[in-house]
**Student:** 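Attaching a single structure in structure tokens format; questions to follow.
We name chains A, B, ... by the order of the sequence lines, and we start the count at 1 in each one.
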Amino acid sequence: MEGLSRSHGCGDLRMTHLGETVTLMGWVSKRRDHGGLIFVDLRDRSGKVQIVFSPEISKEAFHLAESVRGEYVLAVSGEVRQRPEGTENPALPTGEVEVEVRSLTVLNQAKTPPFYITENVDVDENLRLRYRYLDLRRPDMQEGLILRHRVTKTIRDFLDERGFLEIETPMLTKSTPEGARDYLVPSRVHPGEFFALPQSPQLYKQLLMVSGFEKYFQFARCFRDEDLRADRQPEFTQLDMEMSFINREDIIQLVEDMFCHLFRQVMGIELPQPFPRLSYAKAMDKYGSDKPDLRFDLELKDVTDLVKDSGFKVFASVCAAGGQVKGLRVPGCAHYSRKELDDLTKFAGIYGAKGLAWMILAPEGLKSPISKFFTEEEIDAIINRLEAETGDLLLFVADKPQVVAQALGALRVEFGKRLNLIDPEEFNFAWVIDFPLLEYDEDEKRYVAIHHPFTSAKEEDLPLLATEPLKARAQAYDLILNGVEVGGGSIRIHNRQNQEQLFSLLGFSQAEAQEKFGFLLEAFEYGTPPHGGIAFGLDRLVMLMAGKDTIRDVMAFPKTQSASDLMTKAPSPVAEQQLKELKLRVDEKKTAVAQGED
RNA sequence: GGAGCUGUAGUGUAGCGGUUAACAUGUCGGCCUGUCACGCCGAAGAUCGCGGGUUCGAUUCCCGUCAGCUCCGCCA
């Protein structure tokens, strides 16, 4: 490298550089050896350009190039030249030019990679994760991380402009009840005691409000030891924000401005403002989800009133037991076969539905195994309610409201995809507001907070906390994008009495509340401003902006579904000495149980 | 904790109760001065994820297991 200095990025060369002598450094993407002439596509972060080795230009470079292989790291210098007429490559941004190489330095050799370093590879994810550093060489993976950088950079600048301060909070923190399972870190200095990695910086950011910082944000790494999904990793990044002296409208306005700015700057897209809002109750009722995909219509219709007194016992008994019956109209699917309907039933079963009733509005008349239980008037009323037409398939689920919503909500999304009702280019933002504050946990026999225990109830619902807590609505709001929850927040409780009241509703004794959250309760006694905030899942947001199906594709080093890192082989056992220092002993629970025992 | 899908040369796939396990691509060698999915000739490359069972015989069928993925539960 002595005396060598890169002058341009490979992907940056254009006709305007004609005649310039350039020095490029990058990887061999492809080599085409014609015997007397060698072409190499040289790739770096900026893109690719064709470089040419010819004995007429440099015998030395040409012969050296004969030994070059894929993914070798090269430094070349030579003149940018217009390609001979007829040999331009319109598929490449640099396709009008090439570099004729006068000197070549092989900076490093490379083994043949285990998979192709190109766009759109369909390789076993096992391999991609094991060789993540090679996977990340692929241009579309680089684009994802570059996009991620531009998103964080744009947001940082925006929030700075609006008077926000970026403040870091600890990673070694206190384990608190409620919420996800914690990742624990043993304390060497305090044997038998543990830190928890933060599930979010929630309490710290509220305390920063007590401290008077007024506007805070942070790109915060969060940890939750729960099972993974395509959009859930054990560690992930939140854009975390908190503000004092604000109300819900202030936050919504700021966030909409922020996303409009972000999409304008990064994607060149103008988002329509204001973002639509719908209540939790309406979202659940119409779409069976608290994060509905609003890129397509398909609404659920409640037919409970029409069927509760009908002769169909399955429906009637569910209604009598306090359940409900809802229907989904699937346009143009009257041709569905028995097998396809059985598969749909199985699909609904995943979400707990014990069955799936259907009606087919065929041109030759109604086909349905349940129609014989209804009068003609009842059937007409149902068809009217669903606004169904000939050629439609109608699907019904009868169950507890929660099961009906989940099953039909999932079917709605499924048909949105199957019927191609979704515009993949669209970014459909909306707010879901007025969440309930609490729900009842049947397993634990107590109330649990839907958002989190620091969320304030709506002022007009405060009296309900003492009488009918489940009816109280929270000052909470989620931001959804294309059926994905990308963020959520709330106005917080900011005085000790209200916070203690909520803890007690959640079933904490005063002593427990003091032990777990005493520092917060105490802080609230020293002049706490009204405050609230919101946090966004950065990985999910970037995933959607990049058009990817999993957040793994926009994270540099993600974990597998079983929360391990195939590249480093983490987690792994540690030395006995390390355990000793921590005063820890592994319970030798047999992992390798003998086979074939009875 | 549960359900489903996948696992065959380096990679992506095909295949079948008895095969020399096929194809493409990559790799290696030779030829080739305008290619860009370069072309042509040749070669090497497989413990058919692992273990057990059924069978005269299993890569193929069955059971188990491991790994990856998708989903349910879980994720304030």
**Student:** Any side-chain N or O of A:T550 under 4.0 Å from OP1/OP2 of B:C69?
**Tutor:** no

**Student:** Under 4.0 angstrom, heavy atoms only, what part of the nucleic acid is A:R181 near: base, sugar-phosphate, or nothing?
**Tutor:** nothing

**Student:** Nearest to the side chain of A:R224, which nucleotide is it out of B:G12, B:C75, B:G68?
**Tutor:**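 Selected nucleotide (nearest to the side chain): B:C75.
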
**Student:** Closer than 4.0 angstrom, basic N to acidic O: yes or no for A:E242 and A:R492?
**Tutor:** yes

**Student:** Return yes if the base of B:U11 and the side-chain atoms of A:R128 contain a donor-acceptor N/O pair under 3.5 Å, otherwise no.
**Tutor:**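 It does not, because no donor-acceptor pair links the side chain of A:R128 to the base of B:U11 below 3.5 Å.
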
**Student:** Under 30°, 30 to 60°, or over 60°: which ring-plane class applies to A:F517 and A:F519, parallel, tilted or perpendicular?
**Tutor:**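 Ring orientation, 0 to 90° scale: tilted.
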
**Student:** Check every strand shown and say whether A:E88 touches a base, only sugar-phosphate, or nothing at a heavy-atom separation below 4.0 Å.
**Tutor:**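 The answer is base, as A:E88 lies within the cut-off (heavy atoms under 4.0 Å) of a base atom.
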
**Student:** So what does A:E125 touch, heavy atoms closer than 4.0 Å: a base, only the sugar-phosphate, or nothing?
**Tutor:**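 Sugar-phosphate, no base atom in range.
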
**Student:** NA contact type, A:P453, heavy-atom cut-off 4.0 Å: base, sugar-phosphate, or nothing?
**Tutor:** base

**Student:** Hey, is the main chain of A:R181 close enough, under 3.5 Å, to the side chain of A:E226 for a donor-acceptor pair?
**Tutor:**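 Yes, A:E226 side chain to A:R181 backbone: donor-acceptor pair under 3.5 Å.
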
**Student:** Between the main-chain N or O of A:S58 and the side-chain N or O of A:R102, is there a donor-acceptor pair closer than 3.5 Å?
**Tutor:** no

**Student:** Quantified in whole Å, what is the P atom distance between nucleotide B:C28 and nucleotide B:G45?
**Tutor:** 16 Å

**Student:** Applying a 3.5 Å limit to both distances, which nucleotide forms a Watson-Crick or G-U wobble pair with B:U35?
**Tutor:** none

**Student:** If pairing requires Watson-Crick or G-U wobble contacts with both distances under 3.5 Å, which nucleotide is the partner of B:U13?
**Tutor:** B:A22

**Student:** Under 3.5 Å, is there a donor-acceptor pair between the side chain of A:R138 and the main chain of A:T118?
**Tutor:** yes

**Student:** Paired with B:A46: which nucleotide, if any, by Watson-Crick or G-U wobble criteria at under 3.5 Å for both distances?
**Tutor:** none

**Student:** Round to the nearest Å and state the distance from A:L129 atom CG to B:U6 atom P.
**Tutor:**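 Taking atom P of B:U6 as the reference, CG of A:L129 is at 20 Å.
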
**Student:** So, taking the atom named NZ in A:K548 and the one named CG in A:D539, what distance separates them when rounded to the nearest 0.5 Å?
**Tutor:** 14.5 Å

**Student:** Is any side-chain N or O of A:R69 under 3.5 Å from a base N or O of B:C28, one able to act as donor and the other as acceptor?
**Tutor:**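 No pair found.
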
**Student:** Check whether A:E88 reaches the backbone of A:G86 with its side chain - one donor and one acceptor, N or O, closer than 3.5 Å.
**Tutor:**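 Yes, A:E88 side chain to A:G86 backbone: donor-acceptor pair under 3.5 Å.
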
**Student:** Are A:K30 and A:D41 ion-paired here, with the side-chain N under 4.0 Å from a carboxylate O?
**Tutor:** no

**Student:** Does A:Q561 have a side-chain nitrogen or oxygen under 4.0 Å from the phosphate oxygens OP1 or OP2 of B:C71?
**Tutor:**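 Result: no.
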
**Student:** Do any of residues 433-447 of chain A sit with a heavy atom less than 4.0 Å from RNA chain B, and if so which?
**Tutor:**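 The stretch gives none, as no residue of it lies under 4.0 Å from the strand.
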
**Student:** For RNA chain B, find the residues of residues 227-236 of chain A with a heavy-atom distance under 4.0 Å and give them by number; none if there aren't any.
**Tutor:** A:D227, A:R229, A:A230, A:R232

**Student:** Are any side-chain N or O atoms of A:D182 and backbone N or O atoms of A:L184, one a donor and one an acceptor, separated by less than 3.5 Å?
**Tutor:** no

**Student:** What's A:D124 touching, base or sugar-phosphate or nothing? Going by heavy atoms closer than 4.0 Å.
**Tutor:**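 Touches sugar-phosphate only.
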
**Student:** Provide the distance between the two P atoms, one in B:U55 and one in B:C62, to the nearest whole Å.
**Tutor:**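 Straight-line distance between the two P atoms is 16 Å.
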
**Student:** Does anything in residues 28-45 of chain A reach RNA chain B, meaning a heavy atom under 4.0 Å, and if so which residues?
**Tutor:**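 Contacting residues: A:K30, A:R32, A:D33, A:H34, A:G35, A:G36, A:L37, A:F39.
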
**Student:** Tell me whether A:R412 contacts the main-chain N or O of A:D293 through its side chain, where contact means a donor paired with an acceptor under 3.5 Å.
**Tutor:** yes

**Student:** Can a side-chain donor-acceptor contact be found between A:Q206 and A:Q202 if the only test is distance below 3.5 angstrom?
**Tutor:**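 A pair is found: one side chain offers a donor N or O, the other an acceptor, under 3.5 Å apart.
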
**Student:** Taking only the side-chain nitrogens and oxygens of A:R552, find out if one of them lies under 4.0 Å from OP1 or OP2 of B:U70.
**Tutor:** yes

**Student:** Considering every strand and a 4.0 Å limit on heavy-atom distances, what is the contact class for A:E98: base, sugar-phosphate, or nothing?
**Tutor:**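 Answer is base: heavy atoms of A:E98 come under 4.0 Å of a base.
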
**Student:** With both distances under 3.5 Å as the test, what is the Watson-Crick or G-U wobble partner of B:C5?
**Tutor:** B:G68

**Student:** Kindly check if the number of other-residue, nucleotide or ligand heavy atoms within 6.0 Å of CH2 (A:W27) is above 12?
**Tutor:**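 For A:W27, atom CH2 is not crowded (no more than 12 foreign heavy atoms under 6.0 Å).
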
**Student:** Given the P atoms of B:U59 and B:U47, what is the spacing between them in whole Å?
**Tutor:**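 Per the computed distance, 13 Å lies between those P atoms.
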
**Student:** Checking all strands, does A:V448 fall into the base, sugar-phosphate, or nothing category for heavy-atom contacts under 4.0 angstrom?
**Tutor:** nothing

**Student:** Under 4.0 angstrom, heavy atoms only, what part of the nucleic acid is A:T94 near: base, sugar-phosphate, or nothing?
**Tutor:**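 Counting heavy atoms under 4.0 Å across all strands, no contact is made by A:T94.
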
**Student:** Between B:G12 and B:G17, how far apart are the two C1' atoms, rounded to whole Å?
**Tutor:** 27 Å

**Student:** Are any of A:T112's side-chain N or O atoms less than 4.0 Å away from OP1 or OP2 of B:G10?
**Tutor:**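 The answer is no; no side-chain N or O of A:T112 sits under 4.0 Å from OP1 or OP2.
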
**Student:** When the C1' atoms of B:U8 and B:A21 are considered, how many whole Å apart are they?
**Tutor:** 9 Å

**Student:** Please report the distance separating the P of B:G29 from the corresponding atom of B:U65, rounded so that it comes out in whole Å.
**Tutor:**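 Pairwise P distance, B:G29 against B:U65, rounds to 47 Å.
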
**Student:** Write down the partner of B:G57 under the Watson-Crick or G-U wobble criteria, each distance required to be under 3.5 Å.
**Tutor:**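 No nucleotide pairs with B:G57.
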
**Student:** Say we look at B:C32 and B:A24: how far apart would their C1' atoms be, to the nearest angstrom?
**Tutor:**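 These two C1' atoms come out 23 Å apart once rounded.
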
**Student:** Please confirm whether any donor atom in the side chain of A:Y351 sits under 3.5 Å from an acceptor in the base of B:G73, or the reverse.
**Tutor:** no

**Student:** Just checking, is any N or O donor in the side chain of A:S200 or A:Q238 under 3.5 Å from an acceptor N or O on the other one?
**Tutor:**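 No donor-acceptor contact under 3.5 Å links the two side chains.
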
**Student:** Given the P atoms of B:C48 and B:G18, what is the spacing between them in whole Å?
**Tutor:** 16 Å

**Student:** Just to be sure I understand the rule, does A:E56 reach a base, reach only the sugar-phosphate, or reach nothing, if contact means heavy atoms closer than 4.0 Å?
**Tutor:** base

**Student:** Paired with B:G51: which nucleotide, if any, by Watson-Crick or G-U wobble criteria at under 3.5 Å for both distances?
**Tutor:**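 Paired with B:G51, as far as the under-3.5 Å criterion goes, is B:C63.
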
**Student:** Fit a plane to each ring of A:Y131 and A:Y133, take the angle between them on a 0 to 90° scale, and name the class: parallel (under 30°), tilted (30 to 60°) or perpendicular (over 60°).
**Tutor:**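 Rings of A:Y131 and A:Y133: perpendicular, over 60°.
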
